[in-house]
Amino acid sequence: KSQRVHKLNTLSLISPVVVYVTSIIIALLVLIGSNLITRQERVKQNYESQSYNFNIKNVIKQRIDLAISSARLMSQSPTLANYLSKPDNNEIRESVKNYLVSLNDKNPGLSVFLADSVGNILVSSEIEPIHEGQNISSKQYFIDALNNHSGLSIYRDSSDEKFGFYADYPVLSSSNKQILGVFIFKIELGDLENLIKLNHYPTMIVDLDDSGRIMVSNNKNFIDQKCGEIRQFVDKGIQPIDNIPILSMMTKHSAFFSLASFGNYPYGVLSLSNVNQSATTQVWLLFIALLITFILYIVLYGIAYNSENMKTIESAQSNFQLIFNHTPEPICVIREDTAEILAVNKSMQNCFGYEESLVGKKLEDMIVESNQVEYNFKASSDASISECKFKKANGDVFTAEITASNIEYANKNAVLLNIHDISIFKVIEEKLTEAKNSAEEANQIKSRLLANASHELRTPMTAIIGLSELAVSICNNENQRQI
């Protein structure tokens, strides 16, 4: 135990004040660390959002460029101009039809239409002619093409409710450049919608010319909503969502947004970056950090408390050794099973007169009657008192009163013996016994003397009294009777 106390002595410097200060410092460090991690997570989210927008923008822009260039080239085909000049020629129509269908087979999601100058769709790339015969004269992209303002538009088809890119170019007569019709190149956005849905943040395609109308989104609640003056935030990086009231009302989480345009085209990709996840991460980090701080506080407090207890134990052991070594009565500690002496004080060493240490000897070797060891020294849980005769180093024998108590010493079951020399009291006791016996004998002699004297006196007195009574009874003279 003293070794363990010595090892833990270095922990005595840890006080509750040190524990409190350490816990506060750790909590502050954890708070700063969680804020840094949250900022890093937010930067990472913003970077991922911008990177995702950039990738989506590039994919869509490539498709737009493909649609426009394809529409421009195909609108200049002489076959289309010949067919529009002679729409009743079935042979030319069949040739155009086969060509458009082959384009559709090679490019899934692609639809090609050829309309005359009044907006009637004459032929399409569809195997089943769903759109053929329809009139698109009211569509803005058809009107723009007739006015020689060809370009790109995004519309939702009323027949299948699907969004698509519409690239349209007028078909001109080779002779007089008269507009014979409009060639329409449509790319559906179905796969783009699936691509957008892969992003776990709200992502949408916005028409920048139509009051910021949301045309495609991975969240149906945002479709057809108008974001107002969102065009001013095009390619401006991450912006607070409060700048767009409609979005801030539709999302419950604090968020930022970024808007990437398609270059010269009036469309853009709008995505929201949710910072609630960062806040949740920060809360969890704080919770874990506080839990670790609390556990560390408990451990440090336990160490400090244990250190205080060990100092108390060390002080108690020091006091015990002080009392043990300076008590005038002989005291020793022996093993309960073998009666081997484990420790003795100076008084016992002097009492028995041994020059060498008594530690390691067996107490039964110093007892006159060794069979008393088991009787006297295997104490019960309560202290027991008995007498025993011991032999000193010079051979002298003395009687002692022993108080035995069970203790634990050096991790062993032991017995603490307090040996009190009562030889003087035994001599006094013997003298008192002798005096008592002498007094009792004298008393007996006196009693016998009185008994014998009483017998010797009683016998003659009886005769004298009897004869005197007889003489009185036979005397007739009064004077003689008085005598």
Problem - Heavy-atom closest contact (Met348 atom, Met366 atom, distance) - result: CE-CE, 4.5 Å
Practice task
Supply the atom-to-atom distance Ile331 CD1 to Lys346 NZ, rounded to the nearest 0.5 angstrom.
Solution key: 13.5 Å
Exercise for the section: Would you mind reporting whether Ile334 and Leu417 have side-chain heavy atoms less than 4.5 Å apart? Expected result: yes
Exercise for the section: Using the side chain to side chain donor-acceptor pair (under 3.5 Å) rule, collect all pairs that involve residues 413-431, keeping only residues at least two apart or in two chains. Expected result: Glu329-His420, Glu387-Lys426, Asp421-Ser423
Exercise for the section: Compare all side-chain heavy atoms of Phe390 with those of Val368 and state whether any distance is below 4.5 angstrom. Expected result: no
Tabulate below the donor-acceptor pairs under 3.5 Å that side-chain atoms of residues 319-326 make, not counting sequence neighbours, or state none.
| unit_1 | atom_1 | unit_2 | atom_2 | d |
| --- | --- | --- | --- | --- |
| Asn319 | ND2 | Ser315 | O | 3.2 |
| Asn325 | ND2 | Gln321 | O | 3.0 |
| His326 | ND1 | Leu322 | O | 2.9 |

Exercise for the section: Examine distances only and state if a side-chain atom of Ser447 and a backbone atom of Asn443 form a donor-acceptor pair shorter than 3.5 Å. Expected result: yes
Practice task
List for me each residue that meets side chain to side chain contact (heavy atoms under 4.5 Å, CB included) alongside Ile295, sequence neighbours excluded, and say none if there are none.
Solution key: Leu291, Val299
Handout entry: Test item: Glu336 and Asn406 side chains (from C-beta on) under 4.5 Å apart, heavy atoms
Key = yes
Completion exercise
Ser347 and Thr327 have their tightest heavy-atom pair at OG-O, 2.6 Å
Practice task
Specify the closest pair of heavy atoms between Leu416 and Val333, including all atoms of both residues, with the distance to one decimal.
Solution key: CD1-CG2, 3.7 Å
Practice task
Give, for atom NZ of Lys436 and atom CG of Leu432, the distance between the pair rounded to the nearest 0.5 Å.
Solution key: 10.0 Å
Completion exercise
Between the CG atom in Asn452 and the CG atom in Leu457, the distance rounded to the nearest 0.5 Å is 11.0 Å
Exercise for the section: Quick one: pull up CD in Glu440 and CD1 in Ile445 and give me the separation to the nearest 0.5 Å. Expected result: 12.5 Å
Practice task
Determine, stepwise, if the pair Val415 / Ser405 fulfils side-chain contact (heavy atoms from CB on, under 4.5 Å).
Solution key: CA-CA 5 Å; Val415 180; Ser405 302; over 6 Å; no
Problem - Lys412 side chain reached by Arg335 side chain, heavy atoms, under 4.5 Å - result: yes
Handout entry: From CD1 (Ile422) to CD (Glu401), nearest 0.5 Å
Key = 5.5 Å
Problem - Under-4.0 Å salt bridge between Glu356 and Lys361 - result: yes
Exercise for the section: Side-chain contact test, heavy atoms from C-beta onward, threshold under 4.5 Å: evaluate it for Ile214 versus Cys227 and give yes or no. Expected result: yes
Handout entry: Shortest non-hydrogen contact between Ile419 and Ala400, atoms and distance
Key = CG2-CB, 3.5 Å
Handout entry: NZ or CZ of Lys392 within 45° of Phe398 ring axis and under 6.0 Å
Key = yes
Practice task
May I ask you to test the Val472-Glu469 pair for a side-chain heavy-atom distance under 4.5 Å?
Solution key: no
Completion exercise
Heavy-atom nearest pair, Gln349 first then Val344, reads OE1-CG2, 3.7 Å
Problem - Distance, nearest 0.5 Å, that separates CD1 of Ile341 from SG of Cys332 - result: 5.5 Å
Fill in the blank from the handout: When every non-hydrogen atom of Ala343 is compared with those of Val359, the smallest separation belongs to CA-CG2, 4.1 Å
Practice task
Tell me, yes or no, whether the heavy-atom count around Glu441 atom CD, taken from other residues, nucleotides or ligands under 6.0 Å, exceeds 12.
Solution key: no
